[in-house]
Protein chains: 2
Amino acid sequence: MKKDMVTHCQNCPLRGQSQFKSLPEEQLDFLRRFKAGEIKVEPGAQLLLQGSNSPQLFTALEGLGVRYKTLEDGRRQVINFVLPGDFVGLQAGVMKEMQHSVEASTAMTLCVFNRADLWSLFKAQPAIAFDLTWLAAIEESFLGEALAIVGQAPAETRIVWGLLRFHDRCRMAGLGDARGVPFPYRQQDLADALGLSLVHTNKTLQALRQRQILSLQDKRLRMLDLSRAKAMLDADLQQPAAPRPLI
Amino acid sequence: MKKDMVTHCQNCPLRGQSQFKSLPEEQLDFLRRFKAGEIKVEPGAQLLLQGSNSPQLFTALEGLGVRYKTLEDGRRQVINFVLPGDFVGLQAGVMKEMQHSVEASTAMTLCVFNRADLWSLFKAQPAIAFDLTWLAAIEESFLGEALAIVGQAPAETRIVWGLLRFHDRCRMAGLGDARGVPFPYRQQDLADALGLSLVHTNKTLQALRQRQILSLQDKRLRMLDLSRAKAMLDADLQQPAAPRPLI
DNA sequence: CGTCATGTTGAAGTACGTCAATGGGGGTGG
DNA sequence: CCACCCCCATTGACGTACTTCAACATGACG
């Protein structure tokens, strides 16, 4: 009963979420045909590899992942965390090759698309093509914000920003409960995302725990004092929460 | 003779550059109609304002500019420098509003497009729409690289990276001569781009000058030893120079 | 001729990095 | 069931690459 194991776009549980804009029937129908299949991967699986030219693009349905760049000397830069609803592989889709890798941090389920079909999408579905560009612009916007934080903010602010952004994104994706949101990442991953050393990340986290700003244990993140956390960030960095496209 | 002052897309001097892919006649024709006009601005002019929803999008034709985010406390993050051929305002085009500002650093000439026409572009010209997405992906890729440098590299590497990237981009745009490429920016701008203080940027620049890696004076940048400069960077960060779209 | 913007340089402080050691949990094999 | 190991979190000590403060130089401009 394989077909029962594949989520139909019409029934996609993500589709109903308020963070995503709703689509007319015709476009949903196109997406259903555009969708080449579904895969489930284990934690640690490489979805896309820096420098490669993947024939497949993905939208995360379940589970959490991470995008990162590897430098020659082994240092890493985590670009972003991957949540359900995120589209990954656009670089492979339109450019020569991926400039970063994508890895599953937990078990993940992903929607699979064929890179080769992308052109037909632009020809037949300008509205979805527009949405794809929208997604790219959102990603660019996020990276600009990350650059500003990493470039200008001290360690404490960086950590609060990183965890708060992740927390809010999880909430919008309907993840987590009273015990907080899932956080399957290591402190090393957080450090690599924020341009900090592991040791300093750990010590700053301790300070934030002691001040009751947040709790982070058992792979769960809990923002204990949202108002104080947000007050530590620049008001300019608060993004409006307009519904975004889901491809 | 106003119409003589406006460059026709067919005769656009940028179009012939090898850095840009060539377009079929029909698409060029569309772009000519898509183009709403041209403007010339003075140094210091604000082209796009963070938080605003500009009705106009631009492609730089001549001159140099800068994209930046302003933080509450007055700190700035320079996102990127704007060169001829760069498309600016995509965020305003597809999202609610710009997340950064764009300012002219020298006198500039820009191609003007109406945001309202963007949708017709997607409907009528899927190939150009694809190119637009391509541009967004390039920008995302650049920001990922910048994030990795600012997050992981020491001051000297950051400066070499920033100036080398700018230098190479200028060269591809046909700017500069034996005396080097134009560099109308202040050291403060460079510092704000790389997440360094002005003082430290200055001292690191001095060290690089003394080691004959580069020269920077009279608003001119010259890479005196390209091979040594490139050797200071991660090989992973060398981007392939495939022809990119020009909108 | 003053004022302003930018570049330069020295001195002092500090936020951060590196090094190193410890401890706990979870798996695996004897 | 214990022994061992590996991964990750934690903590202290120490070094340093950076920031901040401050002063001065230079050229452009009115």
Side-chain angles (χ1 to χ4, degrees), chain A residues 42-44 66 71 73-78 103 105-106 149-163 182-211 214-222 232, chain B residues 42-44 64 66 71 73-78 103 105-107 149-163 182-211 214-222 232:
Chain A
E42 293 300 300
V66 63
L71 280 68
D73 58 3
R75 297 179 77 106
R76 270 189 341 158
Q77 176 68 43
V78 168
E103 185 178 314
S105 300
T106 69
I149 286 286
V150 171
Q152 310 295 335
E156 193 179 74
T157 312
R158 293 194 212 181
I159 292 192
V160 168
W161 173 81
L163 293 180
F183 192 85
Y185 309 103
R186 296 165 300 153
Q187 292 186 2
Q188 182 70 65
D189 296 321
L190 186 59
D192 288 344
L194 301 173
L196 296 170
S197 72
L198 169 61
V199 173
H200 197 60
T201 299
N202 180 291
K203 285 173 179 167
T204 309
L205 269 175
Q206 296 295 30
L208 288 169
R209 286 195 258 244
Q210 216 135 22
R211 288 166 54 196
L214 54 83
S215 99
L216 184 53
Q217 52 184 312
D218 303 328
K219 300 197 179 296
R220 285 253 149 198
L221 164 67
R222 218 171 148 181
M232 297 174 64
Chain B
E42 293 299 300
L64 297 170
V66 63
L71 281 68
D73 58 4
R75 296 180 76 106
R76 267 190 343 158
Q77 176 68 42
V78 168
E103 185 178 313
S105 301
T106 68
I149 286 286
V150 171
Q152 311 295 334
E156 193 179 72
T157 312
R158 292 193 213 181
I159 291 191
V160 168
W161 173 83
L163 294 181
F183 192 85
Y185 309 103
R186 298 166 300 154
Q187 291 185 2
Q188 183 71 63
D189 296 322
L190 186 59
D192 288 344
L194 300 172
L196 296 170
S197 71
L198 169 62
V199 172
H200 198 58
T201 299
N202 180 291
K203 286 173 179 166
T204 309
L205 269 176
Q206 296 294 29
L208 289 169
R209 284 195 257 242
Q210 215 135 24
R211 288 166 54 196
L214 54 82
S215 98
L216 185 53
Q217 51 184 315
D218 302 329
K219 302 200 177 296
R220 285 252 149 199
L221 164 67
R222 220 171 147 181
M232 296 174 65

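Each chain gets a letter, A, B and so on, in the order its sequence line appears, and its residues count up from 1.
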Nucleotide nearest [X] (side chain, heavy atoms from C-beta), chosen from [options]:
X: B:Lys203; options: C:dA11, C:dC16, C:dT18; value: C:dA11
X: A:Gln206; options: C:dG7, D:dC18, D:dT11; value: D:dT11
X: B:Val199; options: D:dT20, D:dC18, C:dT8; value: D:dT20

[X] [atom1] to [N] [atom2], straight-line distance once rounded to whole Å:
X: B:Lys219; N: C:dT6; atom1: NZ; atom2: P; answer: 8 Å
X: A:Tyr185; N: D:dA9; atom1: OH; atom2: C1'; answer: 19 Å
X: B:Asp192; N: D:dT19; atom1: CG; atom2: P; answer: 11 Å

State the CG-CZ distance between B:Leu190 and B:Phe183, to the nearest 0.5 angstrom.
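Rounded to the nearest 0.5 Å, the CG-CZ separation comes to 5.0 Å.
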
**Prompt:** Taking 4.0 angstrom as the limit, do B:Arg75 and B:Asp192 come out as a salt bridge?
**Reply:**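 No, B:Arg75 and B:Asp192 are not salt-bridged.
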
- With a 4.0 Å cut-off, would you call A:Lys203 and A:Glu156 a salt bridge?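 Answer for the salt bridge query: no.
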
Heavy atoms only, 4.0 Å cut-off, all strands: where does [X] land among base, sugar-phosphate and nothing?
X: B:Leu198; answer: nothing
X: B:Arg209; answer: sugar-phosphate
X: A:Leu205; answer: nothing

Review point. DNA chain C: B:Arg186 or A:Ser197, which has the more 5' nearest nucleotide?
Key: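 First, find each residue's nearest nucleotide; the 5'-ward one identifies B:Arg186.
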
The test is side-chain contact (heavy atoms from CB on, under 4.5 Å); show your working for B:Tyr185 and B:Val78 and say whether it passes. CA-CA 11 Å; B:Tyr185 309 103; B:Val78 168; over 6 Å; no

### Message
OP1 or OP2 of C:dG17 versus the side-chain N and O atoms of A:Arg75: is any pair under 4.0 Å?
### Response
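No, no such contact exists.
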
Contact under 4.0 Å: B:Gln187 side-chain N or O vs C:dT8 OP1/OP2: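 The answer is yes; a side-chain N or O of B:Gln187 sits under 4.0 Å from OP1 or OP2.
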
